[in-house]
Amino acid sequence: MKKPIKFFIITVTLVLVGYNSVYFESLDVKNTAKNAGVFNSVEFVDQFMGAKLPNLPATDANELIGSLELDLVGFTAENGRKMGISNDYYFVVEGTGEVQAIEDEDVILSLIGNSKNKIRIATDFIFGNTIREATAIANIGDFQNTMDFNAISVALNDKVRTTIVPSFSKEVNIKDTVYFKGGVKVNTKNPTLKNLRVIPLILNIE
Amino acid sequence: MTGQPLYFRLKSIAVLCIVICIAGCNRNNENAPKKMAVVVSTLNNPWFVVLGESAAERARELGYETTIFDSQNNTAKEAEHFENLIAAGYSAILFNPTDAEGSVSNVNRAKKAGIPTFCMDREVNSLDGPVTQIISDSFSGCVDLGQYFVRQLNKKGKYVELLGLVGDNNTWNRSKGFHSVVDHFPDLEMVAQQSADFDRSKAMEVLESVMQSHPDIDAVFCGNDAMAMGAYQALVSAGKADSVMVFGFDGAQDVMDAIKQKKIKATALQSPKFIAQTAAELADKYLQGERDMDRKMPIAVEVITQDNIGEFEAYGSEN
């Protein structure tokens with residue numbers, strides 16, 4: 001083979017091998033590919049808050065308290081949502097009440113329709129699984145890793161803490177009338193029906 | 001030509017004898033008690049001893065022969081146990097995994113061999129491998145414990161966190177539950193976060209070392225009670241047992257006693273007896289044909305403090 005042809009073939013081969021060995025990709029594209037398939041709890045919660053929250057069925061707060069006072073164990077077993085083996089039952093509850101007191105961690109409402117019934121609206125110490133379990137946003141059996149499942153609670157509580165509570169806490173005053181919808185936990189072993197604490201999902205000062 | 005029918009007749013008789021022998025053997029096996037294996041991550045921690053023994057005891061009550069295998073917190077050892085118990089023809093495995101990811105292959109191998117696995121206390125990262133996973137709700141327990149921690153420290157102070165085995169999901173569920181609370185209080189500063197592998201001696205060594213660079217801590221949050229006892233020992237040696245609060249997780253006997261004596265502030269009580277008994281009963285139901293089981297079954301835990309300690313006993317029994 002003639003020398004120039006040999007040189008040409010070697011050069012083409014080297015260029016082809018070199019071109020296919022090295023490639024450039026933006027860091028954003030690389031990170032997106034890396035995170036594909038990784039559960040995104042924030043996105044999951046955003047979808048829920050946007051699409052499902054407005055039409056979420058809820059029990060009237062006065063009805064809930066009345067039913068719990070009549071038959072705590074029977075009512076919770078039949079109507080509450082429970083995770084695994086536990087004495088904690090969860091409900092989505094809604095109602096309207098008049099502001100009686102504003103405390104460091106809660107705003108206390110006296111419910112319209114039955115002023116003896118009081119509800120605490122959480123404005124601080126918003127932790128745990130109350131909203132996740134009450135709303136049935138997710139089922140533990142669908143998650144390979146429980147940490148992903150628990151991350152939903154963290155994202156939900158963050159959402160409440162950052163988007164629902166601040167404006168309410170800033171504007172609320174004694175005697176205001178407030179519509180609320182949120183999650184509530186009822187422990188059948190140590191029930192505190194006089195102090196049901198709602199983690200709010202919707203708060204409107206009327 | 002005349003010998004051929006005799007040859008075939010003898011051959012048929014021989015085959016028939018073999019079939020009868022095999023059938024006889026199978027009948028004997030059916031009459032023999034079924035066996036349930038209990039594979040525990042470690043027997044070097046009293047909580048897991050109670051877990052393993054309670055599972056074995058309940059399985060025996062249900063009519064099974066049982067053997068407890070100790071994986072010594074080693075996935076290789078655990079794999080060896082699975083190989084042996086598959087070969088030995090166990091009917092079911094009550095399993096406390098060593099590693100959420102690393103133990104999946106063992107569960108799958110058992111499943112392939114037709115042996116159902118029931119996870120206890122710790123989960124594996126698989127929805128298809130085990131029949132069900134009976135796990136403590138560590139995250140919620142540590143959310144409650146975290147709130148108690150914050151209130152006890154009046155929302156300010158320096159603390160150390162001792163983590164368990166880094167490959168175990170319980171380690172991270174506990175840590176994340178705790179941090180989902182305490183991280184919202186800017187005056188609470190975590191000065192060190194280190195793993196002590198759920199081990200009492202390691203916890204003592206780790207905290208001794210941390211206190212050399214951070215002598216002014218106010219609290220230690222531990223991922224289990226064994227580490228809480230190790231941390232407490234380190235504080236006693238340093239003369240700080242009265243000024244530093246210790247928090248554990250498990251509800252082990254020594255920590256429950258220490259809470260009564262006001263040496264340790266709080267723990268989260270998870271019942272190894274209840275978890276183990278539930279696993280054995282579900283395994284028995286499964287072997288009898290029941291198939292309607294939740295893939296994961298979390299069990300609630302209770303925060304035990306110096307105020308409510310009188311209502312509870314170690315390892316989960318209520319007074």
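Chain letters run A, B, ... following the sequence lines, proteins first and then strands; every chain starts at 1. In this text, all values refer to a predicted model and were calculated from it rather than measured experimentally.
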Between [options], which shows the greatest number of heavy-atom pairs under 4.5 Å with chain A?
{"options": "B:His184, B:Gln133, B:Lys176", "answer": "B:His184"}
{"options": "B:Val181, B:Ile299, B:Ile134, B:Val150", "answer": "B:Val181"}
{"options": "B:Thr278, B:Asp144, B:Asn169, B:Asn173", "answer": "B:Asn173"}
{"options": "B:Asn125, B:Thr132, B:Val143", "answer": "B:Asn125"}

Answer yes or no: is there an ion pair linking B:Glu311 with A:Lys189, defined by an N-O contact shorter than 4.0 Å?
-> no

Toward chain A, the part of [X] with a non-hydrogen atom under 4.5 Å:
{"X": "B:Arg151", "result": "side chain"}
{"X": "B:Ser126", "result": "backbone"}
{"X": "B:Asp294", "result": "neither"}
{"X": "B:Val301", "result": "neither"}
{"X": "B:Ile135", "result": "side chain"}

Would you say the side chain of A:Val154 lies within less than 4.5 Å of the side chain of B:Phe139, judging by non-hydrogen atoms?
->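 Of all side-chain heavy-atom pairs linking A:Val154 with B:Phe139, at least one is under 4.5 Å.
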
Heavy-atom closest pair, residues A:Ile140 and B:Pro298 |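 So the minimum-distance heavy-atom pair works out to CD1-CG, 3.9 Å.
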
First locate atom [atom1] of [X], then atom [atom2] of [Y], and finally report the distance between them rounded to the nearest 0.5 Å.
{"X": "B:Leu127", "Y": "A:Phe143", "atom1": "CG", "atom2": "CZ", "value": "10.0 Å"}
{"X": "A:Ile85", "Y": "B:Asp137", "atom1": "CD1", "atom2": "CG", "value": "11.5 Å"}
{"X": "B:Glu302", "Y": "A:Ser86", "atom1": "CD", "atom2": "OG", "value": "8.5 Å"}

Give a yes or no on this: more than 12 heavy atoms of other residues, nucleotides or ligands lie within 6.0 Å of atom [atom1] of [X].
{"X": "A:Lys82", "atom1": "NZ", "value": "yes"}
{"X": "A:Asn173", "atom1": "CG", "value": "yes"}
{"X": "A:Glu206", "atom1": "CD", "value": "yes"}
{"X": "A:Tyr179", "atom1": "OH", "value": "yes"}

Heavy-atom donor-acceptor pair, B:Lys296 side chain to A:Gln144 backbone, under 3.5 Å | yes

With a 4.5 angstrom heavy-atom cut-off, which part of A:Asn145 approaches chain B: side chain, backbone, both or neither?
->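 Answer is both: backbone and side chain atoms of A:Asn145 are under 4.5 Å from chain B.
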
Please look at A:Asp142 and chain B and tell me whether the side chain, the backbone, both or neither of the residue comes under 4.5 angstrom of a heavy atom of that chain.
->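 Answer is both: backbone and side chain atoms of A:Asp142 are under 4.5 Å from chain B.
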
Pairs of heavy atoms under 4.5 Å with chain B: top-ranked of A:Asn129, A:Asn139, A:Thr146 |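 Of the candidates given, the most pairs with chain B belong to A:Thr146.
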
